[in-house]
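Take a look at the structure below.
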Number of protein chains: 2
Amino acid sequence: MTRKNTRHQHLTLRDVSEASGVSEMTVSRVLRNRGDVSDKTRAKVIEAAKKLGYVPNKIAGALASNRVNLVAVIVPSLSNLVFPEMMAGVDEILGDTPLQPVIGTTNYDPAKEEKTLFEMLSWRPSGVIIAGLEHTDASRAMLANCGVPVVEVMDVDGDPVDAAVGISHWRAGYQVGTEIVARGYRRVGVLGTKVDGDHRARKRLEGLERALAEAGVTVADHMAYSGWSGFAKGREMTKAMLERTPDLDFLFYTNDLTGAGGLLYALEMGLDVGDTLGLAGFNAFTLLDGLPRKLATVDSRRREAGQVAARIVAGTHVFDSEDRRIELVPTFIPGDTLRPVRID
Amino acid sequence: MTRKNTRHQHLTLRDVSEASGVSEMTVSRVLRNRGDVSDKTRAKVIEAAKKLGYVPNKIAGALASNRVNLVAVIVPSLSNLVFPEMMAGVDEILGDTPLQPVIGTTNYDPAKEEKTLFEMLSWRPSGVIIAGLEHTDASRAMLANCGVPVVEVMDVDGDPVDAAVGISHWRAGYQVGTEIVARGYRRVGVLGTKVDGDHRARKRLEGLERALAEAGVTVADHMAYSGWSGFAKGREMTKAMLERTPDLDFLFYTNDLTGAGGLLYALEMGLDVGDTLGLAGFNAFTLLDGLPRKLATVDSRRREAGQVAARIVAGTHVFDSEDRRIELVPTFIPGDTLRPVRID
DNA sequence: ATGAAAGCGCTAACAC
DNA sequence: GTGTTAGCGCTTTCAT
């Protein structure tokens, strides 16, 4: 059986070679701008390729050259805004390179992460960008042995396999805690998610609790929700919490969206937001700029984390030290939902 | 030069074969659960593979089998929430299949789309999911000839290359227009984006204008912004527009986020939202549920579009007719920012 | 149930 | 500047 010319048989270098009367090798060189090829030959080849509608086969190219321009990007979910934002940072940087992101999601499940990772590594990507520092032992082993740059993003509280870029969520939480006590709040309620595998939210809370503890304050009430974050969830939870613990003077939301819902609710209830009741969220979603009051929050710098991670993978990042942990500073944004710092 | 055992030399089937004393072929069968292999052999192979930490090479596998479990997903941007939401729908469905999404962005630029598409097709994906129906001729040719399912998503106003899934933005706009005139509004302002390649926003507007025209109404003012959508943009533009055209009785925002900003502004100004000034956005972002008033909007059903597209690519979707255009219905949600329909 | 041989479409390395 | 040869690591096919 000879080469079929059925509709969807892909064209090969050989087809271009025959059509242009040039060897496959030279065609290959032209199509990759490699080595010296005369202008005349180049023109012939390019014309033939275009006329035929030739699309190179990177599978074959990758196998032959042992080079794959794919980057594995592994995140818990696409439904939580922070991950697409990080990916937008990655994409922005990779746009200037030949690299292409391949996306895998884990649904906050370490076992699924392990499967996804195995799957993606079998494509022999040129780099791996993965959210978080907590993985199964098997995942860590794969990351350690895959032989390409691995960047764990959006967290630096822990031991990275290779490189890590992001904020310290513990320190971010700690900072929020110090701001809370410095402003004289003492009855703190926390509203967060129920997601088990959300280590970043957990670390934020631990940092917060630590800062409070150092001032002799403990979290007075805590409430966790499951499902999607949004204003409505923030409203409901705020209402419920203030009903069951009316003497709270501060509410910390682990997410700006629920925080914004709480803010809207508190304003409608006529509460003295800021003074009697301080509020703070987390993440600094720019789409929320323009609320009736600016919610206090912390910029978790996920977009930059994605950018730096992409640069590391692309090989254009220069590390300042031998430490391959890059800690971004989580800017605290006081907004208009806190009272001034007390100078005792 | 014989096989090197340097640290990052990847393991091959051969290594597993040698370690287990079984032929490469049988190892391959075990690792893919193909064909008959005795339990004893199977166990030996699996143990050896695990012990060595073998990760198969899909590049080689794909070349040999001519099967690639990648799906190309091409969107204008990751910064506009609607695209990650569509991708979440895709991801949800592909999660139950061996398929993996590869992401490409176009930045609303047809030339970049063409490049991205070429790049992605050279991986010989098993399917293509691409936002919109407007592409360069070269892009359309590539899509038509790539030999795998192609689904154009989030729009059905046009001729798809293969299949299309989404709402008709024209009809969605038209419906908003009929609602506006049915409620007696006559001085309509439109607030949209400046993005050139945003055909969906354009079609929405055209549909809106048509419905208004049929009632003898024309758009009284129009304003376009560039940059990111958010509440702040909505506030600014609303203020500016109401100052330059104070007699408007309706504002249509091509995006919920700016719409929400406008709503907040109008409420603060003490405007009689609903009756004196009707407001509507677009997209029905669930994260906005819980605003002081529910903004009228239209559900553009992007998540479902992603789901259906993924099913088509995965081959699990059954078409009702020979028409491979699947039109989703853009639910109109009146919210609390419109006055009642007039029954004249 | 297992193995041997051939080859997927390309590129590295070398020849001319 | 251009061509030839020999694989890359798998899977297909066919033999046993």
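Residue-level contact check: R42(A) touches neither bases nor backbone, having no heavy atom under 4.0 Å from any strand. Base contact: D36(B) has a heavy atom under 4.0 Å from a base atom.
Within the 4.0 Å cut-off from OP1 or OP2 of dT11(C), at least one side-chain nitrogen or oxygen of R32(A) is found. Dashed line: the shortest gap from a side-chain N or O of R67(B) to OP1 or OP2 of dT12(D) is under 4.0 Å. For the pair Y54(B) and dG9(D), the criterion of a side-chain N or O lying under 4.0 Å from OP1 or OP2 is not met. Contact annotation: S28(B) side-chain N/O to dT11(D) OP1/OP2 distance is under 4.0 Å.
In terms of position along DNA chain C, the nucleotide closest to G21(B) lies nearer the 5' end than the nucleotide closest to the other residue of the pair A64(B) and G21(B).
For T41(A), the listed nucleotide lying nearest its side chain is dT2(D); candidates were dA12(C), dC10(C), dT2(D). The nucleotide whose nearest atom lies closest to any side-chain atom of M25(A) is, among dT11(C), dC10(D), dC8(C), dT11(C). You'll find that the side chain of E24(B) is closest to dC10(D), out of dG3(D), dC10(D), dG7(D). Of the candidate nucleotides dC10(C), dG3(C), dT2(D), dG3(C) has the atom lying nearest to any side-chain atom of T26(B). Proximity note for S38(A) (side chain, C-beta onward) versus dA12(C), dT11(D), dT2(D): the nearest is dT2(D). Side chain of S23(B), nearest nucleotide from dT11(D), dC10(D), dG3(C): dG3(C). Nearest to the side-chain atoms of A60(A) among the listed nucleotides dA12(C), dG9(C), dT2(C) stands dG9(C).
dC10(C) atom C1' lies 13 Å from atom CZ of R34(A), rounded to whole Å. In this structure, the CG atom of L31(A) is 13 Å from the C1' atom of dG9(C), given to the nearest Å. The CH2 atom of W123(B) sits 19 Å away from the P atom of dC8(C) (whole-angstrom rounding). Straight-line distance from the CG atom of N57(B) to the P atom of dC8(C): 18 Å, rounded to whole Å. For the pair N33(B) CG and dT11(D) P, the interatomic distance rounds to 12 Å; values are reported in whole Å. With rounding to whole Å, I59(A) atom CD1 is found 16 Å from dC8(C) atom P. In this structure, N66(B) atom CG and dC10(C) atom P are separated by 12 Å, rounded to whole Å. The distance from atom CD of Q9(A) to atom P of dG9(C) is 7 Å, rounded to the nearest whole Å.
Judged by distance alone, the side chains of S38(A) and R42(A) never bring a donor and an acceptor atom under 3.5 Å apart. A donor and an acceptor atom, one from each side chain of Q100(B) and E119(A), are nowhere located under 3.5 Å apart. Side-chain contact of E113(A) with H135(A): a donor-acceptor pair under 3.5 Å is present, judged by distance alone.
The base of dG3(C) sits with one of its N or O atoms less than 3.5 Å from a complementary donor or acceptor on the side chain of R29(B).
The residues E85(B) and R303(B) are annotated as not salt-bridged, no charged nitrogen and carboxylate oxygen being separated by less than 4.0 angstrom. Salt bridge status for R301(A) with E304(A): present, with a side-chain N to carboxylate O gap under 4.0 Å.
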Evaluate R140(A) against T136(A) for side-chain hydrogen bond (donor to acceptor under 3.5 Å, both in side chains), listing each step before the verdict.
CA-CA 6 Å; R140(A) 286 185 64 93; T136(A) 65; over 6 Å; no

